[in-house]
Amino acid sequence: MSAVATAAPISIEPRKADRLYALPAPTTTGERSRLNTQHRALFLTHGSLYSAPEHVERMLAPGQAHTPIIADVGCGSGAWSLDMAQIFPHAEVIGMDINPPSVDADTPPNCKFVTHDANDDFTEYKNMFSVVHMRAIDAGVRDYKQLLDKVAQTLIPGGVLLLSSGQLVLYSENKTPMPFVEEGQEGWTAVQTILGHQERCLRLVVSHAR
């Protein structure tokens, strides 16, 4: 696993720093640490940085007529981007986030980070990427289906879209699963609204995979 990028505060438009994404920005030390721990845990759990290795490695094989380009949408701390840049030194890696990390002198020369909100347009990246990676960004996305449609257009023919999202469950003080309750109904909490949004995003991921 590679060295992890550090993050320096940057100025972003107030519109982008809205309340849609409820967690702290990855520029904060605590959130950056949480994201890096999540990255390592997922790597250890799956034994790889990506699923469908035969498809990913086919698209990123060296010696192609074009330079493979990897996009990490909602890159957070940048850990996945940095690792991919080290594993595939002949490819270019672009990490995108509304608050992208800054990197030090040890950052691979084939890795860069740009400011980009996943809710915005992706037209400038049309037919550009060999692989696009999106992990645990549901809570910050307004329209997940629209995002999938936009990102699909950034892939070159045969390109691979890697989606990863967890299914969160809210438990009561008695350690029993709590049913989802709509706002206004008895037992509703703001946390359930967040979980409900993520559940709908996860269903979209599953339906697109079929």
Side-chain angles (χ1 to χ4, degrees), residues 7 9-46 50-52 71-80 95-101 115-122 132-154 161-210:
I10 65 170
S11 176
I12 59 176
E13 301 173 20
R15 180 181 64 81
K16 295 181 182 298
D18 58 21
R19 297 180 181 180
L20 184 63
Y21 184 71
L23 295 173
T27 52
T28 62
T29 301
E31 179 63 359
R32 186 168 64 248
S33 176
R34 184 192 72 81
L35 290 170
N36 290 337
T37 299
Q38 173 183 275
H39 173 69
R40 288 190 289 270
L42 289 171
F43 175 82
L44 292 173
T45 299
H46 300 294
Y50 47 85
S51 56
D72 186 10
V73 179
C75 65
S77 68
W80 189 88
M96 305 177 181
D97 204 281
I98 57 172
N99 241 330
T115 302
H116 190 89
D117 187 339
N119 296 291
D120 289 345
D121 192 54
F122 282 80
V132 174
H133 173 259
M134 298 195 302
R135 180 172 70 191
I137 68 171
D138 345 346
V141 176
R142 295 184 184 89
D143 188 327
Y144 204 85
K145 182 179 185 301
Q146 184 181 68
L147 173 63
L148 292 177
D149 291 338
K150 291 188 295 187
V151 169
Q153 295 179 40
T154 69
L161 175 57
L162 298 171
L163 302 172
S164 177
S165 183
Q167 185 172 13
L168 304 180
V169 178
L170 188 63
Y171 286 83
S172 70
E173 58 185 4
N174 298 321
K175 299 181 180 180
T176 57
M178 297 176 62
F180 175 72
V181 179
E182 294 287 353
E183 186 172 359
Q185 296 179 338
E186 183 179 357
W188 174 86
T189 66
V191 174
Q192 289 196 332
T193 298
I194 297 173
L195 296 184
H197 176 69
Q198 293 179 321
E199 174 70 16
R200 288 188 289 273
C201 291
L202 182 61
R203 289 177 181 174
L204 275 174
V205 170
V206 173
S207 65
H208 272 65
R210 289 174 177 171

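Since this is a predicted model, take the numbers as computed values, not measurements. The basis for the numbers below is simple: all heavy atoms, side chains too, and nothing from hydrogens, waters or symmetry mates.
Note that NE2 of His39 is 9.5 Å distant from CG of Leu44, once rounded to the nearest 0.5 Å. In this structure, CG in Leu148 is found 11.5 Å from CD in Gln153, a value given to the nearest 0.5 Å. Within the model, atoms CG of Leu162 and CH2 of Trp80 stand 6.0 Å from one another, a figure rounded to the nearest 0.5 Å. In this structure, NE2 on His133 lies 9.0 Å from CG on Leu163, to the nearest 0.5 angstrom.
Taking the ring pair (Phe, Tyr, Trp, His ring centres under 6.0 Å) definition, one finds that Tyr50 meets it with nothing, sequence neighbours left out.
Between the side chain of Asp72 and the main chain of Ala79, no donor-acceptor pair closer than 3.5 Å is present. Under a 3.5 Å cut-off, the side chain of Asp117 and the backbone N or O of Asn119 do form a donor-acceptor pair.
Taking both residues in full, the closest heavy atoms of Gly74 and Asp97 are given as C-OD2, 3.4 Å, listed atom of the first, atom of the second, then distance. Between Ser77 and Asn36, the shortest heavy-atom distance links the atoms OG-OD1, 2.5 Å. Across all their heavy atoms, Cys75 and Gly95 have their closest contact at SG-C, 3.7 Å. Between Lys150 and Asp120, the shortest heavy-atom contact is NZ-O, 2.8 Å.
Residues Phe122 and Val73 form a side-chain contact, since some pair of their non-hydrogen atoms from C-beta on lies under 4.5 Å apart.
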